[in-house]
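These notes concern the structure reproduced below.
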Amino acid sequence: MLDLEKYGVTMWEDEKILSFRQKLLAWYDENKRDLPWRRSKNPYHIWVSEIMLQQTRVDTVIPYYERFLEWFPTVETLANAPEERLLKAWEGLGYYSRVRNMQAAAQQIINDFNGDFPSTYEGISSLKGIGPYTAGAISSIAFNLPQPAVDGNVMRVLARLFEVNHDIGNPSNRKIFQAMMEILIDPERPGDFNQALMDLGSDIEAPVNPRPEDSPVKDFSAAYQNGTMDRYPIKAPKKKPVPVYLNALVVQNAKGQFLLEKNESEKLLAGFWHLPLIEVDEFSKNEELNLFNQVAESSIQLGPSPQESFEQDYDLEVEWQDSHFEEVKHIFSHRKWHVRILSGQVVDSKEYCDKEVVWLTPEEFDLYPLAKPQQKIWQAYLKR
DNA sequence: GAAACGTGGGG
DNA sequence: TCCCCAAGTTT
């Protein structure tokens with residue numbers, strides 16, 4: 001057992017702990033939100049909701065949750081879903097490895113657990129994509145096991161209750177909050193206790209504009225009593241996304257079809273389809289001039305233009321258009337894309353290319369999973 | 001342990 | 001516009 005005193009945390013006496021549980025759960029019973037996944041104890045449903053809720057708001061999740069269970073009503077249907085369908089179900093939600101990991105976990109359940117959702121903390125933890133938070137959440141909510149579910153909300157609430165002087169953004173400090181929760185959690189209603197803290201943390205004890213005076217447990221809160229609410233939780237600022245400059249090539253053939261390519265990367269937006277993208281160091285002001293006037297000259301100094309690289313890589317001959325499109329910007333957690341659109345008509349195609357490409361009419365776009373940047377690029381193209 | 005991994009809402 | 005944030009996990 002972790003020695004909390006070593007981390008400057010003095011745990012309450014037993015009596016105070018009992019009183020806290022009572023106060024918090026009474027508040028939860030009166031104020032809990034009516035959410036779709038709270039009407040179910042089916043571990044598969046709880047699992048789907050918990051994965052979707054990772055780093056994602058409740059309002060965003062609800063429609064995705066409903067549709068996901070229609071498309072994949074059971075672990076088995078999820079295990080056997082084709083990739084395109086899987087990504088389509090998650091299209092727009094972000095952090096797409098979540099759904100890939102879910103499918104891998106569904107296959108684990110079929111193969112290693114005889115198709116039955118594991119009912120122990122250890123078994124649940126063994127599933128792909130389930131870390132300590134999610135294992136605790138499913139264990140406590142679906143199986144009534146006394147396991148803490150320590151997420152950002154819980155750490156923020158606890159940091160204020162106990163004036164914890166450790167950065168909640170540092171993963172190694174998670175163990176402090178885990179140890180506190182192991183003592184505080186209500187053994188009779190662990191799922192409700194965990195969810196009560198999360199509800200409290202997402203609204204009344206929100207990260208910005210909290211209303212601590214409305215908290216049902218303000219009498220327990222050291223930070224509230226000492227007037228130090230603004231100091232907690234301690235959290236280092238995040239790094240800014242790194243700018244990336246890209247040219248998107250929108251090329252159309254004689255049939256009015258556009259070239260799309262599957263992202264074979266295992267990383268960013270893996271498996272999604274996109275208009276071909278060519279990264280450049282930076283946008284230069286004379287780039288547009290290069291296109292029409294100075295291709296040969298610029299090639300010597302700057303290397304091939306994006307258009308030349310594209311025609312070479314895709315074995316196409318393209319007549320480029322002199323169109324100007326609005327720059328598309330898209331911010332990821334770690335990158336900021338600046339995308340310029342270049343458009344043209346295919347003059348000649350060698351009908352061969354080593355990339356996985358497809359020619360689609362705009363009506364057919366819906367059949368393929370397209371992430372947000374691509375949707376933005378297409379909209380900007382249409383606006384012209 | 002730091003970095004990668006999406007997107008949308010709100011001040 | 002910019003910045004922060006949201007029910008994290010994997011590598």
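In the text below, chain A, chain B and the rest are named by the order of the sequence lines, each starting its count at 1.
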Practice task
For Arg100(A), check salt bridge (Lys or Arg N to Asp or Glu O under 4.0 Å) against everything at least two apart and list the hits.
Solution key: Glu83(A)

Practice task
Using a 4.0 Å heavy-atom cut-off, write out nucleotides 5-11 of chain B from 5' to 3' as B (base contacted by protein), S (sugar-phosphate only) or - (no contact).
Solution key: BBBB--S

Practice task
State yes or no: are the ring centers of Phe68(A) and Tyr64(A) separated by less than 6.0 Å?
Solution key: no

Handout entry: Where DNA chain B forms stems, i.e. three or more consecutive Watson-Crick or G-U pairs with both distances under 3.5 Å
Key = B:2-5 with C:8-11, B:7-11 with C:2-6

Practice task
Could I get the full list of salt bridge (Lys or Arg N to Asp or Glu O under 4.0 Å) partners for Lys6(A), not counting sequence neighbours?
Solution key: none

Exercise for the section: Would you tell me if any nitrogen or oxygen in the side chain of Lys240(A) comes within less than 4.0 Å of OP1 or OP2 on dC3(C)? Expected result: yes

Handout entry: Side-chain N,O (Lys239(A)) to OP1/OP2 (dA3(B)) below 4.0 Å
Key = yes

Practice task
For DNA chain B, determine which residues of residues 170-190 of chain A have any heavy atom closer than 4.0 angstrom to one of its atoms, and list them numerically.
Solution key: Ser172(A)

Exercise for the section: Rounded to whole angstrom, note down the C1' distance from dG8(B) over to dT1(C). Expected result: 16 Å

Handout entry: First encountered from the 5' end of DNA chain C, between Pro132(A) and Ala206(A)
Key = Ala206(A)

Practice task
Using the ring of Trp337(A) (Phe, Tyr or Trp, six-membered ring only), decide whether Arg335(A) places NZ or CZ under 6.0 Å from its centre and within 45 degrees of its axis.
Solution key: no

Problem - Arg160(A)/Glu205(A) salt bridge by N-O under 4.0 Å criterion - result: yes

Handout entry: Pairing residues for Asp34(A) by the salt bridge (Lys or Arg N to Asp or Glu O under 4.0 Å) criterion, not counting sequence neighbours
Key = Arg39(A)

Fill in the blank from the handout: Per nearest nucleotide of DNA chain C, the residue lying toward the 5' end, Arg38(A) or Lys128(A), is Arg38(A)

Handout entry: Side-chain ion pair, Lys16(A) and Asp219(A), N-O less than 4.0 Å
Key = no

Exercise for the section: Establish, yes or no, whether a centroid distance under 6.0 Å links the rings of Phe365(A) and Trp273(A). Expected result: no

